[in-house]
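Throughout, residue positions are numbered sequentially from 1 according to the sequence presented.
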Amino acid sequence: MDHKLLSSFTFVLIFIMHLFRFASPLPSAYGQLAYNFYDRSCPRLQMIVRYGVWAAVNNDTRMAASLLRLHFHDCFVNGCDASILLDDTVDSMGEKNASPNRNSVRGYEVIDNIKADVERACPSTVSCADILTLAAREVVVMAGGPSWPVALGRQDGLTASMQAANDQLPSPFEPLENITAKFASKGLDLKDVAVLSGGHTIGFAQCFTFMRRLYDFKGSGKPDPTLDASALANLQALCPNKDSSNTILAPLDAVSVYKFDNVYYTNLINNVGLLESDQALMGDSKTAALVNSYSTNPYLFSNDFATSMMKLGNLGILTGNKGQIRKKCGSVN
């Protein structure tokens, strides 16, 4: 009888330990993220982020694309560690004023506001890196795009580098092979290039980022011959060939400006892609095949975009004692 009671007790104990194992986040000491990382320490986190993003996008529709880009620019430079959010200091020039980001990247104040709300609910618990990663997913969903599971537990970086941002971020002026090489250095492949470029289904670009396509393509003194004639005329009217035009905004996808869909790829097939780096996807047989597939199969694009965003969000993460939980996203503790 005692033996049976002992066996029953042992079984129940093992069962409870088994349940506890799955109810708790994986220890950060193992360098792991977990989908339920904050379930106990900050159970309202995702609701707070979702509301903060909704309020920001409701106030400024462009903010959806801006927050998605902010996340990409963070993760692509030494990993998803919220280093892009750090302000410059007397001793260090950070990423905010690097050439690809200065007077271009937006949304810092949105993340700061969400962080303040999270701090009130869960002090010194949730990283800015996790908040930014969650915000990127929320804006895609709000714009009509796919959702994906976000593993959490990132820590915030202690440093930021202007030089690293200048060197590592892809440029709209670069040839596809250079952009592909930069992606490869992050463990991202050619498919990720084509898929993540699809994020340009929402958002705007300043005229200076595509001006040479309109007037002096590759030093020819003529427009880009691949650009549709009607689109060329419209863009030249929007962006006259003078310096004062540089900051004028044009939609990356003029057909469905604020909707996250696959029309971006149809635009490329029709030779009305805005950026040189976007239209270049049609110049490579492998990426052109992906463009064609995504243009006809929105579900394939949504699925692949979600997969690539999960890969992006796991680049260079800091866990354990490698980083910190900043109290304010713009400065280290």
Check whether any side-chain N or O of Arg44 sits under 3.5 Å from a backbone N or O of Met47 as a donor-acceptor pair, and report yes or no. no
Ion pair present between Asp88 and Lys96, side-chain N to carboxylate O less than 4.0 angstrom? no
Any donor-acceptor N/O pair, Ser66 side chain to Ala64 backbone, under 3.5 Å: no
Side-chain donor-acceptor pair present, Tyr38, Asp130, cut-off under 3.5 Å: yes
NZ/Lys328 to NZ/Lys115 distance, rounded to the nearest 0.5 angstrom? 11.5 Å
Side chain of Asp156, backbone of Cys128: donor and acceptor closer than 3.5 Å? yes
Can any side-chain N or O of Gln324 pair as donor or acceptor with the backbone N or O of Asn333 at less than 3.5 Å? yes
Side chain of Lys218, backbone of Arg213: donor and acceptor closer than 3.5 Å? no
Would Asp117 and Arg120 pass as an ion pair if we require N to O under 4.0 Å? yes
Less than 4.0 angstrom from a charged side-chain N to a carboxylate O is my criterion; do Arg106 and Asp60 meet it? yes
Can you classify the ring geometry of Trp148 versus Phe305 as parallel (below 30°), tilted (30 to 60°) or perpendicular (above 60°)? perpendicular
Evaluate the side-chain proximity of Pro43 to Arg40: yes if any heavy-atom separation is below 4.5 Å, no if none is. no
Kindly write out the residues that satisfy side chain to side chain contact (heavy atoms under 4.5 Å, CB included) with Ser244, not counting sequence neighbours, or none if the list is empty. Lys242
Any luck finding a side-chain donor-acceptor pair between Asp224 and Thr226 under 3.5 Å? yes
Would you verify whether the NZ or CZ of Lys186 falls within 45 degrees of the ring axis of Phe76 while also being under 6.0 Å from that six-membered ring's centre? yes
Is it true that Phe260 and Leu274 fall in one hydrophobic cluster, defined by side-chain heavy atoms closer than 4.5 Å? no
Transitive ILVMFWY cluster of Val263 at side-chain heavy atoms under 4.5 Å: who else is in it? Val255
If you define the side chain from C-beta out and look only at heavy atoms, does anything of Ser127 sit under 4.5 Å from Arg326? no
Residues passing the side chain to side chain contact (heavy atoms under 4.5 Å, CB included) test with Cys75, sequence neighbours excluded, are His71, Cys80, Leu312
Could you check whether any side-chain heavy atom of Tyr264 comes within less than 4.5 Å of a side-chain heavy atom of Asp278, counting everything from C-beta outward? yes
Spacing of CG belonging to Leu238 relative to CG belonging to Leu249, to within rounding of 0.5 Å: 8.5 Å
Between Thr133 (side chain only) and Ala129 (backbone N and O only), is there a donor and an acceptor less than 3.5 Å apart? yes
Looking at Asp74 and Ala82, would you say the former's side chain and the latter's main chain have a donor-acceptor pair under 3.5 Å? yes
Please report the interatomic distance OG1(Thr201) to CG(Asn267), rounded to the nearest 0.5 Å. 8.0 Å
Over all heavy atoms of both residues, which pair between Phe210 and Ala250 is shortest? Give the atoms and the distance, please. CZ-CB, 3.7 Å
Sequence neighbours excluded, which residues qualify as side chain to side chain contact (heavy atoms under 4.5 Å, CB included) partners of Ala165? Val77, Glu95, Ala98, Asn101, Leu169
Is the shortest side-chain heavy-atom distance between Cys329 and Ile111 below 4.5 Å? yes
Using side-chain heavy atoms (C-beta onward) and a distance below 4.5 Å, is Pro146 in contact with Arg137? no
Should Leu268 and Leu300 be regarded as members of a common hydrophobic cluster, given that ILVMFWY residues are connected when their side-chain heavy atoms come within less than 4.5 Å of each other, either directly or indirectly? yes
Under 4.0 Å between a Lys/Arg side-chain N and an Asp/Glu carboxylate O for Glu276 and Arg212? yes
Between Asp192 and Lys311, is the closest basic N to carboxylate O distance under 4.0 Å? yes
Same cluster or not: Ile202 versus Trp54, using hydrophobic residues (I, L, V, M, F, W, Y) connected whenever any side-chain heavy atoms lie under 4.5 Å apart? yes
Could you tell me whether the side chain of Thr287 and the main chain of Leu281 form a donor-acceptor pair under 3.5 Å? yes
Is it the case that atom CG in Asn321 sees more than 12 heavy atoms from other parts of the structure closer than 6.0 Å? no
If you look only at pairs with a residue in residues 290-301, which of them pass as a side chain to side chain donor-acceptor pair (under 3.5 Å), with sequence neighbours excluded? Tyr294-Asp304
Greater than 12 external heavy atoms within 6.0 Å of Phe173's CZ: yes
Any chance you could measure Leu290, atom CG, to Met282, atom CE, to the nearest 0.5 Å? 11.0 Å
Test your reading of the model: is there a side-chain donor-acceptor pair from Gln206 to the backbone of Asn103, 3.5 Å cut-off? yes
Do His200 and Leu275 have side chains that approach each other closer than 4.5 Å (heavy atoms only, starting at C-beta)? yes
Pairing residues for Asn262 by the side chain to side chain contact (heavy atoms under 4.5 Å, CB included) criterion, not counting sequence neighbours: Tyr265, Pro298, Phe301
Rounded to the nearest 0.5 Å, what separation is found between the SG atom of Cys122 and the CD1 atom of Ile48? 5.5 Å
Find out whether Ile179 and Ser277 are in side-chain contact, i.e. whether some heavy atom of one side chain is under 4.5 Å from a heavy atom of the other. yes
Donor-acceptor pair, side chain of Asp216 and main chain of Gly221, under 3.5 angstrom: yes
